[in-house]
Student: 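First the structure, which I've put down as structure tokens, then a few questions once you've had a look.
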There are 2 protein chains.
Amino acid sequence: MYGEPKRDRKTERRERTREEILDAAWEIARAEGLAGLTLRDVAQRVGMRAPSLYSYFASKHAIYDAMFAQGWRRLLEGYGEMPLTGHPLADLKSMTRYFLEFSTADPARFQLMNQRTIPGFEPSPESYALAVKCLDLARERLAALGLDDERTLDLLTAINAGLASQQIANDPGGDRWTRLADEAMEMFLAHVKNRRTSDE
Amino acid sequence: MYGEPKRDRKTERRERTREEILDAAWEIARAEGLAGLTLRDVAQRVGMRAPSLYSYFASKHAIYDAMFAQGWRRLLEGYGEMPLTGHPLADLKSMTRYFLEFSTADPARFQLMNQRTIPGFEPSPESYALAVKCLDLARERLAALGLDDERTLDLLTAINAGLASQQIANDPGGDRWTRLADEAMEMFLAHVKNRRTSDE
DNA sequence: TCGGTTCTCCGTACATAGTTAGGAGTTTCG
DNA sequence: CGAAACTCCTAACTATGTACGGAGAACCGA
């Protein structure tokens with residue numbers, strides 16, 4: 001029973017180094033673009049040579065996978081901590097605003113999380129599960145607002161993805177799209193309400 | 001004055017070879033992904049070695065640029081040939097449907113045209129002008145339907161881009177997003193009409 | 001405390017990528 | 001015909017992801 005702390009210290013150090021590598025990778029991806037990420041650059045940033053990274057990640061794709069998972073974990077976390085009012089319009093607006101800020105704050109991250117753009121890369125099932133979990137949370141929130149069918153969720157995610165990618169492509173930093181996002185949510189809510197009453 | 005036909009024959013051949021190269025590039029991009037495009041593969045497909053391509057394009061980015069321009073030219077053409085009824089809802093639906101089909105038919109092309117994802121690549125001013133021209137046509141069409149402010153155009157392009165990227169990422173081939181696109185256009189039109197009457 | 005195992009990290013090396021340089025062979029034109 | 005231009009080649013340089021094998025430290029059971 002006394003042997004364990006030492007093993008912990010070892011795996012703990014290992015975990016710390018993995019984090020260090022991922023942090024370096026994020027920095028470079030932010031600066032050089034997702035595809036501009038280089039193992040040699042990452043290695044240099046953490047004081048290693050490129051091949052040494054293979055002690056921590058099986059491949060470059062494995063690094064992307066870990067980043068993919070981190071991204072969705074952080075978004076999930078952010079959604080979880082977000083204060084909600086219970087007013088549909090206000091809550092829809094804040095969720096969309098949060099998503100927009102999150103996405104445009106790091107275009108490389110958005111690209112990694114939402115666009116299949118790296119040839120040969122596919123997130124592992126475990127990482128993908130995090131993305132699904134995030135979608136499930138959104139579904140749950142929508143349901144709490146009384147909007148619980150699948151089409152509605154698809155529509156909302158499409159709008160959000162579109163706003164984010166347009167802002168990233170055309171006007172990173174501006175607030176033009178933030179205001180547009182508010183308008184979009186008004187439109188969205190009115191539509192769903194309307195569909196709801198005409199369905200009954 | 002008689003020297004010109006021969007020069008023409010030469011530049012014509014050159015132009016044909018450029019087309020051949022671009023066709024090969026599209027094929028490979030469709031099959032391997034945009035970033036999976038390789039000069040050596042392109043060269044092989046047209047019966048050359050990689051360095052020979054430099055007689056026709058200054059760099060790989062120059063090939064991407066020509067493809068970018070071709071993509072927007074084709075979309076512009078498609079929009080131009082599209083029959084319009086004058087009914088706002090019907091026309092909005094067909095334009096969005098066309099954009100969706102066009103985009104999902106070749107995800108690599110969509111990525112090249114709409115997402116800044118290749119590190120270091122930026123379209124030349126001439127190529128970019130084609131993209132702007134395409135946006136101008138959409139603006140014009142919207143105006144013809146009585147919807148002529150900039151916000152409306154932004155909102156529409158965001159919706160369209162979102163629908164396309166979601167379909168590409170989640171369900172290429174299915175018609176789930178086509179139907180969603182119709183619904184989105186109903187929502188969009190109702191919203192704009194509503195905003196219009198409450199503005200006056 | 002010692003000997004073996006495991007874990008890091010290194011240097012080297014290989015395949016593939018975009019790209020450059022320089023030179024043959026062909027075509028064009030005076 | 002001879003010069004110029006064009007096309008295509010081979011060879012080679014650099015940067016990339018990755019495989020291999022080894023040196024040294026950390027760890028663990030005896």
Side-chain angles (χ1 to χ4, degrees), chain A residues 1-22 24-25 28-29 31-67 112 117-122, chain B residues 1-22 24-25 28-29 31-67 112 117-122:
Chain A
M1 296 283 182
Y2 280 124
E4 287 175 14
K6 288 182 181 175
R7 175 134 209 107
D8 273 358
R9 205 162 45 213
K10 195 162 191 179
T11 66
E12 186 200 326
R13 175 179 129 79
R14 186 181 168 76
E15 212 50 45
R16 234 185 0 239
T17 307
R18 272 179 66 105
E19 290 295 325
E20 237 179 281
I21 291 171
L22 288 180
I28 295 170
E32 309 292 330
L34 191 60
L37 187 68
T38 287
L39 288 191
R40 280 167 172 86
D41 285 353
V42 175
Q44 192 192 0
R45 179 100 53 164
V46 298
M48 289 184 187
R49 305 304 181 105
S52 304
L53 298 177
Y54 283 75
S55 297
Y56 298 93
F57 294 93
S59 67
K60 192 185 183 185
H61 281 359
I63 295 184
Y64 280 137
D65 188 60
M67 294 169 76
L112 177 62
T117 182
I118 296 167
F121 169 69
E122 205 142 0
Chain B
M1 295 285 180
Y2 279 121
E4 286 175 13
K6 288 184 179 172
R7 175 135 209 107
D8 273 359
R9 205 162 47 213
K10 196 164 192 179
T11 65
E12 186 200 325
R13 175 179 129 79
R14 187 181 168 77
E15 212 50 45
R16 234 184 1 238
T17 309
R18 272 181 65 105
E19 289 297 324
E20 237 181 279
I21 292 171
L22 288 180
I28 295 170
E32 308 292 330
L34 190 60
L37 186 68
T38 285
L39 288 191
R40 280 166 172 86
D41 285 353
V42 174
Q44 192 193 359
R45 178 100 51 164
V46 298
M48 289 185 189
R49 304 306 179 103
S52 304
L53 299 177
Y54 284 75
S55 298
Y56 298 93
F57 293 94
S59 65
K60 191 185 185 186
H61 280 359
I63 295 183
Y64 280 137
D65 187 60
M67 295 170 77
L112 178 61
T117 181
I118 296 167
F121 168 68
E122 203 142 1

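Quick note: numbers below take in every heavy atom, side chains included, and nothing from hydrogens, waters or symmetry partners. Protein chains get the first letters and strands the later ones, always in sequence-line order, with residue 1 at the start of each.
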Student: When you compare the side chain of Y64(B) with that of L34(B), does any pair of heavy atoms fall below 4.5 Å?
Tutor: yes
Student: Between OG1 of T11(A) and CZ of R13(A), what distance do you get to the nearest 0.5 Å?
Tutor: 11.5 Å
Student: Return the value, rounded to whole Å, for the distance between atom NZ of K60(A) and atom P of dA19(D).
Tutor: 14 Å
Student: dC9(C) phosphate, OP1 or OP2: any side-chain N/O from S55(A) under 4.0 angstrom?
Tutor: no
Student: Ion pair present between E20(A) and R16(A), side-chain N to carboxylate O less than 4.0 angstrom?
Tutor: no
Student: Could you tell me how far apart I21(A) (CD1) and dC9(C) (C1') are, to the nearest whole angstrom?
Tutor: 11 Å
Student: Mark yes or no for whether R18(B), through its side chain, and Y56(B), through its backbone, hold a donor-acceptor pair below 3.5 Å.
Tutor: yes
Student: Starting at atom CZ of R14(A), determine the distance to atom P of dA26(D), rounded to an integer number of angstrom.
Tutor: 17 Å
Student: Using whole Å, report how far CG of L53(B) lies from C1' of dA17(C).
Tutor: 13 Å
Student: Would you call K60(B) and V42(B) a side-chain contact if the rule is heavy atoms closer than 4.5 Å?
Tutor: no
Student: Please give me every residue in residues 32-40 of chain B whose heavy atoms get under 4.0 Å of an atom in DNA chain C, ordered by residue number.
Tutor: L37(B), T38(B), L39(B), R40(B)
Student: Between S52(A) and dT8(C), is there a side-chain N or O to OP1/OP2 distance below 4.0 Å?
Tutor: no
Student: Can you tell me how far apart CG (L53(A)) and CG (L39(A)) are? Round to the nearest 0.5 Å.
Tutor: 6.0 Å
Student: With rounding to the nearest 0.5 angstrom, report the CD1 to CD1 distance, I21(B) to I63(B).
Tutor: 6.5 Å
Student: Any chance you could measure Q44(A), atom CD, to D41(A), atom CG, to the nearest 0.5 Å?
Tutor: 6.5 Å
Student: Separation of E15(A) atom CD from dC7(C) atom C1', in whole Å?
Tutor: 15 Å
Student: Let's see if you can work this out: which of dT8(C), dG18(C), dC8(D) has an atom nearest to the side-chain heavy atoms of R13(B)?
Tutor: dC8(D)
Student: Would you indicate whether the side-chain heavy atoms of F57(B) and D65(B) approach each other to under 4.5 Å?
Tutor: no
Student: Could you check whether S59(B) gets within reach of a base, just the sugar-phosphate, or nothing at all, counting any heavy atom under 4.0 Å?
Tutor: sugar-phosphate
Student: For DNA chain D, find the residues of residues 41-49 of chain B with a heavy-atom distance under 4.0 Å and give them by number; none if there aren't any.
Tutor: G47(B), M48(B), R49(B)
Student: Just call it for Y54(A): base, sugar-phosphate, or nothing, with non-hydrogen atoms closer than 4.0 Å on any strand.
Tutor: base
